[in-house]
Trainee: 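Take a look at this one; I'll ask things after.
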Amino acid sequence: MKEKTSLLFDVLGSYYKSNNEHLFRCPYCKHHKRKFSVNIERGVYKCWVCDIKGRNLYRLIRRFGSLKQQEVWKAFSGEKTDLNGFDNLFDEDEEESFEQILQMPPSFRSLCGTNSFKTPLRYLEKRGIDKKDILKWKMGFCSEGPYQGRIIIPSFNENGDLNYFIARTFTDNYKRYLNPPVSRDIVFNELYVDFDKEVTIVEGAFDAVKAENAIPILGSTIRETSRLFRRIVENNTPVLLALDPDAKYKAENIKRLFLKYGIEVRELQYDDERDIGDMSKEEVKNLSQNAPLIKEDDSLVSAISNL
């Protein structure tokens with residue numbers, strides 16, 4: 001019991017105890033209060049905010065923990081390691097089919113089909129974003145409230161529901177991004193992604209605007225248990241890795257993860273230190289066409305050279 005509690009602490013973070021319940025911050029909806037209740041003795045969990053629930057604590061460890069933590073949990077539970085369990089890697093309980101759905105900020109103003117809002121439009125123009133991009137990505141801005149003075153780039157799930165948005169300042173606010181306090185474990189704008197074609201993995205949404213069939217990772221890396229990784233592996237989708245030039249260590253980890261699952265990976269080779277968000281679409285297109293295929297040996301040599 002103590003060992004399992006300690007491992008859950010490592011995976012989910014700090015908690016407080018109320019009777020037989022351990023209350024964490026929800027790893028799904030990321031609510032700021034500890035409303036994610038775990039009963040270790042009964043092996044069940046439930047979030048009192050987003051209503052996600054389940055009857056198998058190992059699914060939490062598998063989804064949010066490392067491979068080592070998964071093996072430790074199995075040892076505690078007396079489960080045998082199944083090295084042939086690839087087919088079950090992405091199984092989910094019916095209770096875990098949670099899809100977060102958001103509302104746009106109340107003061108959201110669309111920039112599609114208007115030239116009236118000069119300041120945000122000038123900011124986007126300086127970043128090489130034109131009216132076609134604004135229309136395609138459904139961009140807008142907020143005129144007041146907590147997201148005032150910020151460009152809003154929404155994300156829609158495969159059903160067309162809003163599940164996230166990027167809020168980037170176009171003023172002098174010291175905090176460049178102020179995004180919603182919800183889970184980032186999504187496929188950004190999955191509604192428009194074609195997994196039958198090569199997908200381009202980029203850092204942020206403004207990078208994705210410049211590339212074809214692109215998905216921003218919205219975080220420090222891609223985890224083996226993330227929705228994005230699962231969708232790519234399920235569809236055997238080729239990947240073009242186009243992370244920022246200064247993210248070499250991050251890129252190496254992601255390359256090795258995809259190669260481990262037999263995913264074809266190409267990687268953008270930069271001519272200078274600019275991110276693709278600072279390039280023109282034509283420059284990004286040319287670099288993409290010339291991106292070499294990465295082999296497992298290449299990734300290993302690159303990782304060693306970066307030590």
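Heavy-atom basis, side chains included; hydrogens, waters and symmetry copies ignored. Just so you know, these numbers come straight off a predicted model, no measurement behind them. Residue indices begin at 1 and follow the sequence shown.
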Trainee: Specify the closest pair of heavy atoms between E198 and N213, including all atoms of both residues, with the distance to one decimal.
Mentor: O-ND2, 3.1 Å
Trainee: If the condition is ring pair (Phe, Tyr, Trp, His ring centres under 6.0 Å), which residues does F24 pass it with, not counting sequence neighbours?
Mentor: Y15
Trainee: Once rounded to the nearest 0.5 Å, what's the spacing between atom OG of S183 and atom NZ of K30?
Mentor: 5.5 Å
Trainee: Applying ring pair (Phe, Tyr, Trp, His ring centres under 6.0 Å) to F165 and F108, what does each step give before you reach the verdict?
Mentor: CA-CA 11 Å; F165 59 82; F108 175 80; 8.5 Å; no
Trainee: I'd like to know if L218 and I153 are part of one continuous hydrophobic network [Ile/Leu/Val/Met/Phe/Trp/Tyr, side-chain heavy atoms within less than 4.5 Å].
Mentor: yes
Trainee: Taking the inter-plane angle between the rings of F170 and Y123 on a 0 to 90° scale, is it parallel (under 30°), tilted (30 to 60°) or perpendicular (over 60°)?
Mentor: tilted
Trainee: Rounded to the nearest 0.5 Å, how far apart are CD of E224 and OH of Y261?
Mentor: 3.0 Å
Trainee: Quick one: list whatever passes ring pair (Phe, Tyr, Trp, His ring centres under 6.0 Å) with F258, sequence neighbours left out.
Mentor: F229
Trainee: So, using ring pair (Phe, Tyr, Trp, His ring centres under 6.0 Å) as the criterion, who are the partners of Y177 when residues are at least two apart?
Mentor: none
Trainee: Filter on salt bridge (Lys or Arg N to Asp or Glu O under 4.0 Å), then keep only pairs touching residues 123-143, sequence neighbours left out; what's left?
Mentor: D133-K281
Trainee: Once rounded to the nearest 0.5 Å, what's the spacing between atom CE of M139 and atom CD1 of I129?
Mentor: 4.0 Å
Trainee: Assess whether atom CD of Q269 is packed by more than 12 heavy atoms of other residues, nucleotides or ligands within 6.0 Å.
Mentor: yes
Trainee: With rounding to the nearest 0.5 Å, note down the distance linking CD in Q70 to CD1 in I61.
Mentor: 8.5 Å
Trainee: Would you say Q69 has more than 12 foreign heavy atoms packed within less than 6.0 Å of its CD?
Mentor: yes
Trainee: Calculate, to the nearest 0.5 Å, the distance between atoms CZ and CH2 belonging to F206 and W137 respectively.
Mentor: 10.5 Å
Trainee: Just checking R274: does its CZ atom have more than 12 heavy atoms from other residues, nucleotides or ligands closer to it than 6.0 angstrom?
Mentor: yes
Trainee: Would the number of heavy atoms belonging to other residues, nucleotides or ligands and lying under 6.0 Å from CD of E41 be above 12?
Mentor: no
Trainee: Can you see whether S37 engages E21 through a side-chain donor-acceptor pair at a distance of less than 3.5 angstrom?
Mentor: yes
Trainee: For Y164, check ring pair (Phe, Tyr, Trp, His ring centres under 6.0 Å) against everything at least two apart and list the hits.
Mentor: none
Trainee: Checking side chain to side chain contact (heavy atoms under 4.5 Å, CB included) between V239 and each of I232, I222, T200, which is the one that passes?
Mentor: I232
Trainee: Would one find more than 12 heavy atoms of other residues, nucleotides or ligands at under 6.0 Å from atom CZ of R34?
Mentor: yes
Trainee: What distance do L241 atom CG and I254 atom CD1 have between them, rounded to the nearest 0.5 Å?
Mentor: 5.5 Å
Trainee: For residues 146-168, which residue pairs qualify under salt bridge (Lys or Arg N to Asp or Glu O under 4.0 Å), counting only residues two or more places apart or in two chains?
Mentor: E158-R231
